[in-house]
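See below for the structure under consideration.
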Amino acid sequence: MTILHLRTEAGKPLEHRCALTPSTARALVEAGYKLKVEKSNSSPDFSRIFEDSEFSSIPGVEFVEENSWIDAPASGEGDEDYIIIGLKELKEEDWPVNKTMIHFAHCYKQQNGWEKVLGRFAKGKGLLYDLEFLQEANGRRVAAFGYHAGFAGAALALKAWSWQVTHPNGERLPSVAEFTDGRGYYENDEQMVKDIQNDIAAAEKAIGRKPRVMVMGALGRCGGGACDLFVRADIPDENIIRWDIYETRDNPGPYKEIVESDVFLNAIYLMNKVPPFVDRNSLATSDRKLAVVCDVSCDPNSANNPLPIYSEYTSFTDPTTPVKGIDSGPALSVISIDHLPSLLPRESSEAFSSALLPSLLQLKNRKSARVWTDAEKLFHEKVSTLPESERS
């Protein structure tokens, strides 16, 4: 028997997405999986977008207490295959992890603190299936939040630009909760688009024009979502610059097209170091219009970061950070939020979980199903790169 245990996202404020939805949960139970679902109602900041009742109405779902996964069986313990699934990384703790877990761990690209994150699994003899690295045979991810990350990032970038235009005194963009009726997210994409259309209309009234926007990685899932939002927000097509590998392959940065745009959105998935897309020298030009950078790729502490003009994450409570040391031209702010799809938690969860479902249905045979054997092999390869002090 394969048991899936859906944990809450109690370590990430304003994270309302969920790895499983009521529809995918029902499909798993009907396929013979035993499903445990942790309650998620301790705080509005940590509650999933789906009500507990949407899961409890499914015959065969067992409700358990929040964080009860901590007492779940260890990897390989007992006769049942016990697997814990969530979305975001675990809270920073020191105790070894001895479970089999599925989530985004953000440690395979040697992000800050990666040794501690991965070392917990090595010390506990646990197993991590990182959602970011579940791949089809052709290397494409089986499921990703990219489209909604780009869509939400573009919306927030336009909101930040409009805010700066209509608040020239330098007042920072307020918390997401302040423009979503206290929720911290939008109910649906139509509500989001309408809000951004109103922002753009106010900015256009103030300065007589709409923004010029640029997307790097426009042909990917994330870039496609960004472009769709820009179009739906009534940005004229001639104001949308769409770049991808064809524009950059033989043309190393920095790029003047970025600093000549009002808004730049980075949507590439970068594994190797490349020349910077924009740097402080390129910002010094008198032609700079650039006022908002949204780094959806969001690796500010990575050595491969192609935007070396900032070095900190932002959040839903404080969405932008100023680029300091700018002597002339418009103020410049950066958005670097690592869970942007949470602005549309229901829609992004439904899309992600539906794409993940075919792979989850192979978990019964995870020792022979390629997507899971490849993920396990990658886990052990990454563990082998740990310093010896973090392995035992």
Side-chain angles (χ1 to χ4, degrees), residues 8-18 40 42-49 86-93 103-107 109 111-114 117 132 145-146 148-164 167 170-187 192 195-196 199 222 225-226 229 263-267 291-302 305 307-324 331-346 348-349:
T8 60
E9 304 295 329
K12 194 76 173 181
L14 300 179
E15 178 57 84
H16 302 290
R17 293 174 297 167
C18 193
S40 179
S42 63
S43 164
D45 281 351
F46 297 112
S47 62
R48 63 173 70 98
I49 190 62
L87 273 186
K88 299 303 291 183
E89 67 274 15
L90 302 178
K91 289 199 299 186
E92 293 184 11
E93 303 274 6
H103 59 261
F104 289 103
H106 304 298
C107 63
K109 294 186 284 184
Q111 295 95 326
N112 277 5
W114 73 277
V117 174
E132 185 176 353
F145 282 98
H148 286 95
F151 196 93
L156 201 53
L158 288 181
K159 179 170 282 290
W161 177 81
S162 301
W163 179 270
Q164 289 177 204
H167 295 76
E171 184 181 352
R172 296 266 293 273
L173 182 69
S175 165
V176 169
E178 291 197 28
F179 50 83
T180 57
D181 297 325
R183 292 185 306 271
Y185 59 86
Y186 290 95
E187 296 283 2
M192 172 185 278
D195 184 36
I196 303 306
D199 290 336
C222 181
L229 183 282
V263 171
F264 173 66
L265 187 141
N266 179 38
V292 175
V293 171
C294 182
D295 189 8
V296 181
S297 299
C298 199
D299 278 323
N301 297 314
S302 169
N305 179 18
L307 303 174
I309 60 173
Y310 82 106
S311 59
E312 58 187 283
Y313 292 98
T314 63
S315 66
F316 283 178
T317 54
D318 195 10
T320 61
T321 185
V323 177
K324 299 177 181 178
L332 177 57
S333 60
V334 175
I335 298 167
S336 181
I337 298 173
D338 66 358
H339 61 134
L340 281 166
S342 295
L343 280 176
L344 288 170
R346 182 173 288 271
S348 63
S349 295

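Computed over heavy atoms, backbone and side chain alike; hydrogens, waters and symmetry mates excluded.
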Nearest-0.5 Å distance, CD1 of residue I49 to CZ of residue R346: 5.5 Å
How many angstroms lie between CG in L332 and OG1 in T320, if you round to the nearest 0.5 Å? 10.5 Å
Within the structure provided, determine whether V292 and I335 are in side-chain contact (heavy-atom separation under 4.5 Å). yes
Got a donor-acceptor contact below 3.5 angstrom from the S315 side chain to the P319 backbone? no
So NZ of K159 and CG of D199: to nearest 0.5 Å the spacing works out to 3.5 Å
With side-chain contact (heavy atoms from CB on, under 4.5 Å) as the criterion, how do F145 and L87 come out once you've worked through the C-alpha distance, each side chain's angles and the decisive distance to 0.1 Å? CA-CA 11 Å; F145 282 98; L87 273 186; 3.7 Å; yes
Taking the side chain as every heavy atom from C-beta outward, state whether R183 and H16 have any atom pair closer than 4.5 Å. no
Looking at side-chain heavy atoms only, is the closest gap between V117 and E89 below 4.5 Å? no
Indicate yes or no for a side-chain donor-acceptor contact from S333 to the backbone of P322 under 3.5 Å, with no hydrogens or angles considered. no
In short, I309 meets V323 closest at the heavy-atom pair O-CG1, 3.8 Å
What's the shortest heavy-atom distance between A291 and W161, and which atoms? CB-CD1, 4.1 Å
Just by distance, with hydrogens left out, do E312 and S336 show a side-chain donor and acceptor under 3.5 Å apart? no
Donor on one side chain, acceptor on other, Y186 and D195, under 3.5 Å: yes
Smallest separation among heavy atoms of S311 and P300, with atom names: C-CB, 3.9 Å
Can a donor-acceptor pair be found, under 3.5 Å and without considering hydrogens, that links the side chain of N305 to the backbone of L307? yes
Is there a side-chain contact between E187 and M192 in this structure, where contact means two heavy atoms from C-beta onward sitting under 4.5 Å apart? no
Please check this pair: side chain of Q111 against backbone of K109, looking for a donor-acceptor N/O pair closer than 3.5 Å. yes
Between atom OG1 of T314 and atom CG of D338, what is the distance when rounded to the nearest 0.5 Å? 9.0 Å
G150 to V296 - nearest heavy-atom pair and separation: N-CG1, 4.3 Å
Of all the heavy-atom pairs spanning A152 and L340, show the shortest one and how long it is. CB-O, 3.4 Å
Would you compute the distance between atom OH of Y313 and atom OG1 of T321 and round it to the nearest 0.5 angstrom? 13.5 Å
Say whether, by atom type as modelled, one donor and one acceptor occur between the side chain of T317 and the main chain of S175 under 3.5 angstrom. no
Using atom types as modelled and distance alone, determine if a side-chain donor or acceptor of W163 lies under 3.5 Å from a backbone N or O of E171. yes
Verify whether one side chain among R17 and S349 offers a donor that lies under 3.5 Å from an acceptor in the other. no
Flag for D295-N266: side-chain donor and acceptor within less than 3.5 Å: yes
Minimal heavy-atom distance between A157 and C294, with the atoms involved, is CB-CB, 3.9 Å
Below 30° counts as parallel, above 60° as perpendicular, anything between as tilted: where do the rings of F316 and H339 land? parallel
CA sep, side-chain torsions, deciding dist, call: Y185, S342, side-chain hydrogen bond (donor to acceptor under 3.5 Å, both in side chains): CA-CA 7 Å; Y185 59 86; S342 295; over 6 Å; no
Mind checking whether H167 and L173 have side chains closer than 4.5 Å, heavy atoms only? no
Quick one: pull up CD in E9 and NZ in K91 and give me the separation to the nearest 0.5 Å. 12.5 Å
